[in-house]
Amino acid sequence: MMKLSLPVACAAIAGVLLLGLSLARSTVRAAPPSGDGNGVIGMLSGEGGDPALGGTLYGARCAGCHDHPGGRITSKAVISDNTRAFIAATLFGGIMRPMARGLSPHGIASVAAYLSTRDGGAVSGVGPEAPLCKSKPEAIDLMRLDQWNGWGRTDEQPRFQPDPGFTAAEVPRLKLKWAFAYANSRGGQATVIGDSLFLNASSGAVYALNAKSGCAYWRFDAPAPTRSSIVVGPLADGPSHFAVYFADYTRTAYALDADRGVVLWKTQVDTQREVQMTGSPTLHDGRLFVPVSSAEEAIAKDPSYQCCKFRGAVAALDARSGKLLWKTYVTPEPAKPFKLNAAGAQMFGPAGGAIWSAPTVDDKRHLVYVATGDSYTDLDFPNADAILALDEANGAIRWSNQRTRDDTYIDGCHSPRPGANCPTKLGQDADFGASPIPDTASNGRQTLLVGQKSGEVAALDPDHDGTVLWSRRLSAGGPLGGIEFGLVADTDTMFVPISDIYVPSAEAEPGLSALRISDGAILWRTRLPKQSCAWRNVYCFPGI
């Protein structure tokens, strides 16, 4: 259920801060997708929309305030200096959503089309987020140990930093050094290489900052939200030239010049509707591996929606040119009609298998590992809730280990009145959301570590088609339970974060556990205490 997450702040002010730290040495719901061919993801991608209709809707719903700004009310001119994607996201899931109540995605896209004067896809002024840097960025050195490049720090996704630059004892002495206000809310996590800091936002903004001061070298406006972490790699024309890679909701992967932020190439990796580019791309040996996820699991709550056709996928692009080298779909074939739903709409299948985590590279075996999500319809398929090993050269599936069978799930089916598209037998929603981690222990034994929303972690044998070496259940799991994104491993220890949001309090185990990789034995568990929040909802919870 993590596929559709749209935390969006106000268009007038930044909603999220990136904080630089230094050691002190001394219930309003958006309308469901309409049948006009412009779905939620299309809307957030800035696609479609009728400016004339948008002008009418703006006049009826917005002009009374924004044509006469005062106090904290933002002027129309300030709002217009944003991309369509930024404005649409603010109306759909941000502070303006009460004013957009009842609007279809097409109506929201039309308001955005009417207002926006900033085109996506180019370098722009940084605006109020940060001062411009007065000097050029230092040369990038990918060999430095004190870096975090992409989702997991390296293409093996360990999420472990062996050289953090400070000790655990010094953590309480960290103090604020600078703060950065995003345009809208944050997307992926920060990528840090030396003095260069790269980050992105749900508005589509991508930034290059100075990590020591927070000043900005450049801002690039993608035409749609971007939440994948940025990865940096060298270009073909010399060791001093580098590119930053990411993907956005137009189903497009980008390469930007790391020094200037200008587009080197962009490639649309998929043409399916309602695609959501959640997982981060992984760069290895001149190839960019891009995962493809979906929002259909949430959109299928609409009884008129023809559920479901999405096929999880991963694409390999040439990192220097953007050329598509291969693409592998999770489902064996495109979805076909198989029955009518309870409202009389045609249903399709098989569908699902979203890949919403970063692919993992096993350089020794020349494999790319991906973790998949559940099935969306009664037509289950063997690559749902599975770990897949793909041939790095051509994308062929070398082996697949499905850990949970018949896990069919869409949103809203636990309610007293389940939707028309709900499966006959509702599953647990036990996606794999964390990137698999290849690990070589100090004794030389190699394993592949995986974690699932079911609350189970396991070690697989990469030399025997992913056979389970050991497994351990750490929580009851559920739609926002168990392990979501962030497994961590050093050589001999695996660190497992547990979310368990929505899990009954008596069964929830929010916190962090350390397991011995050799046999899965629990070394320690820290259950996090109950939170005290300024707001009161289900997310006031200590889950990781």
Could you check if a side-chain atom of [X] sits within less than 4.5 angstrom of a side-chain atom of [Y], using non-hydrogen atoms only?
X: Leu288; Y: Val290; answer: yes
X: Leu199; Y: Ile230; answer: no
X: Asn210; Y: Tyr217; answer: yes
X: Met277; Y: Phe246; answer: no
X: Thr252; Y: Val269; answer: no
X: Leu480; Y: Asp500; answer: no
X: Phe242; Y: Leu235; answer: no
X: Pro359; Y: Thr282; answer: yes

Output a table of donor-acceptor pairs, distance under 3.5 Å, between side-chain atoms of residues 413-420 and any protein atom two or more places apart or on a different chain; print 'none' if there are none.
residue : atom : partner : partner atom : Å
Ser415  : OG   : Gly412  : O            : 2.9
Ser415  : OG   : Arg417  : O            : 3.2

Test item: side-chain donor near acceptor, [X] and [Y], under 3.5 Å:
X: Asn341; Y: Asn421; value: yes
X: Ser110; Y: Asp50; value: no
X: Tyr254; Y: Asp248; value: yes
X: Ser280; Y: Gln189; value: no

Measure from the side-chain N and O atoms of [X] to the backbone N and O of [Y], and report whether any donor-acceptor pair falls under 3.5 Å.
X: Ser375; Y: Gly352; result: no
X: Ser116; Y: Ala112; result: no
X: Asp195; Y: Ala211; result: no
X: Ser228; Y: Ala247; result: yes
X: Asp302; Y: Ser304; result: yes
X: Thr267; Y: Gly322; result: yes
X: Ser196; Y: Gly194; result: no
X: Glu484; Y: Phe432; result: no
X: Glu296; Y: Glu274; result: no
X: Trp265; Y: Ala319; result: yes

- In sequence, state the C-alpha distance, the side-chain angles, and the governing distance for Gln306 and Phe348, and then conclude on side chain to side chain contact (heavy atoms under 4.5 Å, CB included). CA-CA 7 Å; Gln306 294 186 342; Phe348 292 79; 3.6 Å; yes
- Hey, can you tell me if Tyr539 and Tyr502 have their rings parallel, tilted or perpendicular (30° and 60° cut-offs)? perpendicular
- Do the rings of Phe180 and Tyr207 sit parallel, tilted or perpendicular, given the 30° and 60° boundaries? perpendicular
Quick check: closest heavy atoms across [X] and [Y], and the distance to 0.1 Å?
X: Ala255; Y: Ala243; value: CB-CB, 4.5 Å
X: Arg61; Y: Ala100; value: NH1-C, 3.8 Å
X: Gly150; Y: Ser229; value: C-CB, 4.2 Å
X: Gly477; Y: Gln428; value: C-NE2, 3.7 Å
X: Pro291; Y: Phe289; value: CD-O, 3.8 Å

- Item | With sequence neighbours excluded, residues passing side-chain hydrogen bond (donor to acceptor under 3.5 Å, both in side chains) with Gln272 |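 Asp270.
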So how far is it from [X] [atom1] to [Y] [atom2], rounded to the nearest 0.5 Å?
X: Thr191; Y: Asn200; atom1: OG1; atom2: CG; value: 8.0 Å
X: Trp178; Y: Cys215; atom1: CH2; atom2: SG; value: 9.0 Å
X: Thr74; Y: Met96; atom1: OG1; atom2: CE; value: 7.0 Å
X: Cys62; Y: Leu91; atom1: SG; atom2: CG; value: 6.5 Å
X: Glu297; Y: Asp411; atom1: CD; atom2: CG; value: 5.5 Å
X: Ile299; Y: Tyr376; atom1: CD1; atom2: OH; value: 9.5 Å

- Item | Phe310 and Val292: CA distance, side-chain angles, deciding distance, side chain to side chain contact (heavy atoms under 4.5 Å, CB included) verdict | CA-CA 10 Å; Phe310 172 75; Val292 179; 3.9 Å; yes
- Quick check, are the ring centers of Phe485 and Trp356 under 6.0 angstrom apart?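 Ring centroids of Phe485 and Trp356 are less than 6.0 Å from each other.
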- Message: For Lys266, is the NZ atom crowded, meaning more than 12 foreign heavy atoms sit under 6.0 Å from it?
- Response: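 Counting neighbours around NZ of Lys266, 12 or fewer heavy atoms of other residues, nucleotides or ligands fall under 6.0 Å, so no.
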- Message: Does Glu138, at its CD atom, have more than 12 non-hydrogen atoms belonging to other residues, nucleotides or ligands within less than 6.0 Å?
- Response: no
- Task: Show your reasoning for whether side chain to side chain contact (heavy atoms under 4.5 Å, CB included) applies to Gln147 and Gln161.
- Result: CA-CA 8 Å; Gln147 53 85 15; Gln161 173 53 273; 5.7 Å; no
- Task: Take Lys453 and Asp429 through the test salt bridge (charged side-chain N to carboxylate O under 4.0 Å, His left out) and record every step on the way to the result.
- Result: CA-CA 7 Å; Lys453 286 167 57 181; Asp429 190 21; 3.1 Å; yes
- Quiz item: cation-pi between Arg159 and Trp151, 6.0 Å / 45°: yes
- Task: Answer yes or no for Lys530 and Phe541: cation-pi contact, defined as NZ/CZ to six-membered ring centre under 6.0 Å and angle to ring axis within 45°.
- Result: no
- Task: Start with the C-alpha distance between Val262 and Leu256, add both sets of side-chain angles, then the distance that settles side chain to side chain contact (heavy atoms under 4.5 Å, CB included), and finish with yes or no.
- Result: CA-CA 5 Å; Val262 298; Leu256 308 182; over 6 Å; no
